There are 2 protein chains.
Amino acid sequence: MKLLHHPSRDDLMLPTVLYALSDPIRLQIVSQIHQGGEQACKNFEVSIAKSTFSQHARMLREAGVTHTRVVGTHRLLSLRTEDLEARFPGLLHAVLSSYESNLQEHLSK
Amino acid sequence: MKLLHHPSRDDLMLPTVLYALSDPIRLQIVSQIHQGGEQACKNFEVSIAKSTFSQHARMLREAGVTHTRVVGTHRLLSLRTEDLEARFPGLLHAVLSSYESNLQEHLSK
DNA sequence: TCTATAGTTCGGTAATTAACGAACCATTGA
DNA sequence: TCAATGGTTCGTTAATTACCGAACTATAGA
């Protein structure tokens, strides 16, 4: 896995971004990055197989929600906050604050 | 079709709402309501079969994005702006303004 | 009552998605 | 060089989704 593809800012698509954010597990991942900053896959507290996690991480990256930086054997995930803000002002903030202020609602899912 | 089910404000779920908004056709429907106000299904300029439209309208309603009011033989769709704002502040506005300021991007889809 | 109109539901097909484990690749450190 | 660790990819299976046309329901108006 040499090349990790990241769409350019101009190529971000609203439906794709919304779709990426419409899954409870991916929302959890995004929120955890938001709260804890850039971090490796290993770190995430999600109850799924690691291959499944990898797929979710890929979808977030290909939608342009996250950036993946390779450091040694780690992939460090961060949010593309500025790109998202430039293309979809207020969106990420609205999603994250709704999510984080209603966490109990999502635990059941 | 007697009872149209609308989830109560408290039952709105973020992932469900995001999913409802993640489809180009549904975004188009939502945007058209936003711009033209409450209107009947008949009115929408989408290039899909009416049964397909009905399915999309149902998904929007069941996600809590739209309200459907029955008047004669018409179903008038409106946005649940206040409920959405109460539960997910800023979300609908962010989605609609991104969508509407990037319309050319979506026409290709 | 009959017809036209607005919209939903049903049934079917094709495509997509979601998840997993197993196998794999790449890097680090011994 | 070998083992361990961190992640990805592949192949499979099961479930969901998307879309359509045909048939249906309900209301309005002649």
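Please read these numbers as outputs of a predicted model, since none were measured by experiment. Chain letters run A, B, ... following the sequence lines, proteins first and then strands; every chain starts at 1.
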**Asked** Can you list every side-chain hydrogen bond (donor to acceptor under 3.5 Å, both in side chains) pair that touches residues 43-54 of chain B, not counting sequence neighbours?
**Response** Gln39(B)-Asn43(B)
**Item:** Under the side-chain contact (heavy atoms from CB on, under 4.5 Å) test, residues paired with Ala94(A) that sit two or more places apart
**Value:** Leu91(B)
**Whole angstrom value for the distance that separates C1' of dG6(D) from CZ of Arg69(A)** = 16 Å
**Message:** Let's see if you get this right: which residues in residues 37-53 of chain A place a heavy atom under 4.0 Å from DNA chain C?
**Reply:** Ile48(A), Ala49(A), Ser51(A), Thr52(A)
**Fill in**
For Val71(B), the hydrophobic cluster (side chain heavy atoms closer than 4.5 Å, chained through members) also holds Leu76(B)
**Fill in**
Sorted by chain and number, sequence neighbours left out, side chain to side chain donor-acceptor pair (under 3.5 Å) with Glu62(B) holds for Arg58(B)
**Message:** Once salt bridge (charged side-chain N to carboxylate O under 4.0 Å, His left out) is applied, do any residues pair with Asp83(A), and if so which ones, sequence neighbours excluded?
**Reply:** Arg9(A), Arg80(A)
**Complete:** Residue set satisfying ring pair (Phe, Tyr, Trp, His ring centres under 6.0 Å) with His74(B), at least two apart, ordered chain then number -> none
**Item:** Pairs meeting criterion salt bridge (Lys or Arg N to Asp or Glu O under 4.0 Å) with involvement of residues 63-73 of chain B, two or more places apart
**Value:** Glu38(B)-Arg69(B)
Review item, nucleotides 11-17 of chain C N/O atoms under 3.5 Å of protein N/O:
from, atom 1, to, atom 2, distance (Å)
dT17(C), O3', Tyr19(A), OH, 3.2

**Request:** Please list all pairs passing the ring-ring contact (aromatic ring centres under 6.0 Å, His included) test where one or both residues lie in residues 22-41 of chain A, with sequence neighbours left out.
**Result:** none
**Item:** Expected output: side-chain Arg87(B) to main-chain Leu12(B) donor-acceptor under 3.5 Å
**Value:** yes
**Item:** Distance in angstrom units between Arg58(B) CZ and dG7(C) C1', rounded
**Value:** 13 Å
**Item:** Separation of dT17(D) P from Ile25(B) CD1 (nearest whole Å)
**Value:** 16 Å
**Complete:** The nucleotide from dA19(C), dG7(D), dA6(C) with an atom nearest the side chain of Arg75(A) is dG7(D)
**Residues clustered with Met59(A), ILVMFWY side-chain links under 4.5 angstrom** = Tyr19(A), Tyr19(B), Met59(B)
**Prompt:** Rounded to whole angstroms, how far apart are CG on Leu4(B) and C1' on dT27(D)?
**Reply:** 15 Å
Hey, what are the protein-to-nucleotides 28-30 of chain C N/O distances that come in under 3.5 Å?
none

**Complete:** In whole angstroms, the gap separating C1' of dG7(C) from CD of Gln55(B) amounts to 12 Å
**Item:** Parallel, tilted or perpendicular: rings of His67(A) and His6(A) (30°, 60°)
**Value:** parallel
**Item:** dA28(D) phosphate, OP1 or OP2, under 4.0 Å from His74(B) side-chain N/O
**Value:** no
**Prompt:** Just how far, in rounded Å, is P of dG7(D) from CG of Leu77(A)?
**Reply:** 8 Å
